[in-house]
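The shown structure was predicted, so the numbers you read here are calculated from the model rather than taken from an experiment. One-based numbering along the sequence shown.
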Amino acid sequence: MPRITRPTLLSAFGALTLLSLAALPWWLGWQAEKTCRALLDELAATGATTAVRRYDRGWFHSEVESEIRLNDTTPAFVIQLRLDHGPLALEGLIPVMAYVRGELHPTELAGTAPVAPLIFEGATDLRGTTRLTFAWPAGQLSVAGGALAWQPLRGNLSIERDAQRLAWQLETPALHFTGEAGAGWRIEALQLRAALREGIAGFPLGNIAGSAARLVQSPDDSRDGGGRATPGAVADDVIEDGKISVSAHFGGEGLMLAVGAQLQSWKHGAETFGPGELALEVRRLDPSALMPLLRSLPALSRPAEASAATAKLTPLAIMLARKAPGAEFTALRLRKDADELTGRGRLLFDGRRLGANVPAGRLLTALSGEFELSVPVALARAWFMPTTPGTEEVGQRREQLPTARQDPETERTDDAPSPDEMLSSHLHEHPYGWLLVPTETGYRLTASLKQGRLLINNEPWRCTGMYECRERAGARSDQGALLP
């Protein structure tokens with residue numbers, strides 16, 4: 001038997017090493033394809049439509065083209081990828097599965113200008129986690145019957161191979177949506193971020209947060225064709241320094257959701273409110289009942305499917321009620337100068353005593369709750385009776401007649417209504433303002449629900465429609481019930 005020399009061993013080891021290195025790009029490219037298809041499958045599981053048009057996998061690189069449509073109201077997107085297989089495609093000095101470069105192209109609609117593609121690049125590491133940075137030049141898309149325009153947008157994305165963890169961040173100087181009737185909104189200095197992980201029964205856990213330096217909401221008639229304010233139009237609503245957050249975590253009693261919102265100032269017409277805060281907590285949710293229930297809700301709006309959807313929703317609602325979920329406003333406040341609107345409320349869905357086969361109508365008896373809203377006079381006047389040229393003129397006329405107010409024996413010669421009378425009239429005519437009842441310091445609205453019985457301001461709610469209720473409120477106001 002011939003003796004194997006050291007040079008022979010070294011040569012054989014070198015040959016195997018070179019062969020392994022040569023085979024690694026092919027094997028890593030195969031793994032990259034599995035990762036890419038797995039991510040598309042995870043996206044399709046959320047309700048999106050995905051399709052791989054082409055996947056050309058070579059030895060050292062692959063080229064991919066796929067199509068994604070998130071829902072029926074958004075355009076389809078075509079994604080073109082080039083994957084340079086690792087481990088020689090290095091991100092710094094760290095070996096990777098593949099280096100990723102690509103473009104996302106919105107599908108062009110007839111009669112619309114072409115949109116520049118979103119460009120992204122990054123890498124998929126050896127564990128299958130993909131990290132990308134992206135940038136999208138300014139553009140405009142047709143979305144939900146309107147037009148969505150944005151200034152240059154940039155951000156980053158990190159997602160694991162099985163999509164168990166997802167994190168992203170994006171920012172843009174401005175985002176603007178205009179509807180078909182001309183109404184729209186504009187967000188300036190927008191920042192969004194999210195850190196999510198796979199939860200229970202498909203419900204994601206983690207948090208999503210956003211902030212904006214300015215948000216402007218324009219009514220239908222406030223802008224002409226060139227985007228300029230039209231004379232006599234309703235003024236824009238403007239929110240300064242707004243923040244919003246949503247978080248979800250799972251504890252011993254079930255799923256808990258927390259929703260928060262803050263604003264520094266809110267300009268409504270000629271009035272300015274703020275700061276303001278809202279905080280809502282929802283506790284003891286059962287994800288295994290909540291997720292199927294949420295997926296079934298859209299079918300209620302389709303007449304052909306409404307009956308079957310109702311039959312499906314009833315057992316899911318019973319299942320959800322078994323854990324007695326509850327919601328509570330832990331903070332609700334809005335300032336106006338030195339005054340402040342405050343609110344508190346809670347709602348409980350306690351189905352622990354419900355039987356196995358409960359009719360859908362009896363589910364209402366499992367609901368109980370209460371709500372109270374306190375509105376100071378100054379804030380009620382600013383909201384329901386905003387400053388207009390007419391009210392400014394009345395105020396000036398009344399200021400010019402001090403003796404008529406100072407001397408009770410002086411006959412009143414000014415036939416203009418008092419501010420309290422004007423406010424009461426505006427509350428009565430407002431679609432919801434008539435619900436407020438006077439107190440010593442302002443106005444109050446209370447509501448309670450128990451055993452399917454709803455009380456508004458301690459009176460049973462017997463109205464069949466808002467118009468009928470407003471007429472009843474008008475009868476009470478004629479007797480002075482709504483006057484402070």
> Yes or no on side chain to side chain contact (heavy atoms under 4.5 Å, CB included) for Leu278 and Leu334, after CA distance, side-chain angles and deciding distance?
Replying inline: CA-CA 9 Å; Leu278 179 147; Leu334 179 65; over 6 Å; no
Looking only at heavy atoms, what is the nearest atom pair of [X] and [Y], with distance?
X	Y	answer
Asp237	Trp266	OD1-NE1, 3.3 Å
Leu157	Trp168	CD1-CB, 3.9 Å
Pro292	Pro287	CD-O, 4.0 Å
Arg284	Pro325	O-CB, 3.4 Å
Pro137	Ala116	CG-CB, 4.1 Å
Leu255	Ala248	CD1-CB, 4.2 Å

Flag side-chain contact, heavy atom, 4.5 Å: [X] against [Y]:
X	Y	value
Thr314	Ile318	yes
Phe134	Leu153	yes
Val375	Asp339	no
Thr129	Ser158	yes
Pro460	Leu455	yes
Leu175	Trp185	yes
Gln80	His105	yes
His176	Gln151	no

>> Please determine whether salt bridge (Lys or Arg N to Asp or Glu O under 4.0 Å) holds for the pair Arg381 and Glu271, giving the CA-CA distance in whole Å, both sets of side-chain angles, and the decisive distance to 0.1 Å.
In response: CA-CA 10 Å; Arg381 184 175 291 117; Glu271 305 289 348; over 6 Å; no
>> Quick check for you: to the nearest 0.5 Å, what is the distance between Ser374 atom OG and Leu445 atom CG?
In response: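 Ser374 atom OG to Leu445 atom CG measures 9.5 Å (nearest 0.5 Å).
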> Between atom CG of Leu81 and atom CD of Glu103, what is the distance when rounded to the nearest 0.5 Å?
Replying inline: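 If I round to the nearest 0.5 Å, the distance is 10.0 Å.
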>> Could you work out, with ring pair (Phe, Tyr, Trp, His ring centres under 6.0 Å) as the rule, every residue matching Trp136, not counting sequence neighbours?
In response: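 Ring pair (Phe, Tyr, Trp, His ring centres under 6.0 Å) list for Trp136, sorted by chain: Trp150.
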> Applying side chain to side chain donor-acceptor pair (under 3.5 Å), which residue pairs with at least one partner in residues 256-265 are found, sequence neighbours left out?
Replying inline: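 Checked against side chain to side chain donor-acceptor pair (under 3.5 Å) - neighbours excluded - no pair reaches residues 256-265.
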Backbone N or O of [Y] within a donor-acceptor pair of the [X] side chain at under 3.5 Å?
X	Y	value
Arg346	Glu370	no
Asn457	Thr446	yes
Lys336	Thr272	yes

> Run the side chain to side chain contact (heavy atoms under 4.5 Å, CB included) check on Thr133 and Glu121 step by step: do they pass?
Replying inline: CA-CA 6 Å; Thr133 60; Glu121 64 178 0; 4.1 Å; yes
>> For Ile68, run the side-chain contact (heavy atoms from CB on, under 4.5 Å) check against Leu40, Thr49, Val78 and tell me which one passes.
In response: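 For Ile68, the side-chain contact (heavy atoms from CB on, under 4.5 Å) test succeeds with only one of Leu40, Thr49, Val78, which is Leu40.
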> Does the pair Glu253 and Lys323 meet the rule for a side chain to side chain contact (heavy atoms under 4.5 Å, CB included), with working shown?
Replying inline: CA-CA 8 Å; Glu253 294 186 332; Lys323 287 187 174 292; over 6 Å; no
> Is there a side chain to side chain contact (heavy atoms under 4.5 Å, CB included) between Leu257 and Leu280 once you walk through the steps?
Replying inline: CA-CA 8 Å; Leu257 299 178; Leu280 173 68; over 6 Å; no
Show me the donor-acceptor pairs, under 3.5 Å and distance only, between side chains in residues 197-216 and residues at least two apart or in other chains.
unit_1	atom_1	unit_2	atom_2	d
Arg214	NE	Glu240	OE2	3.0

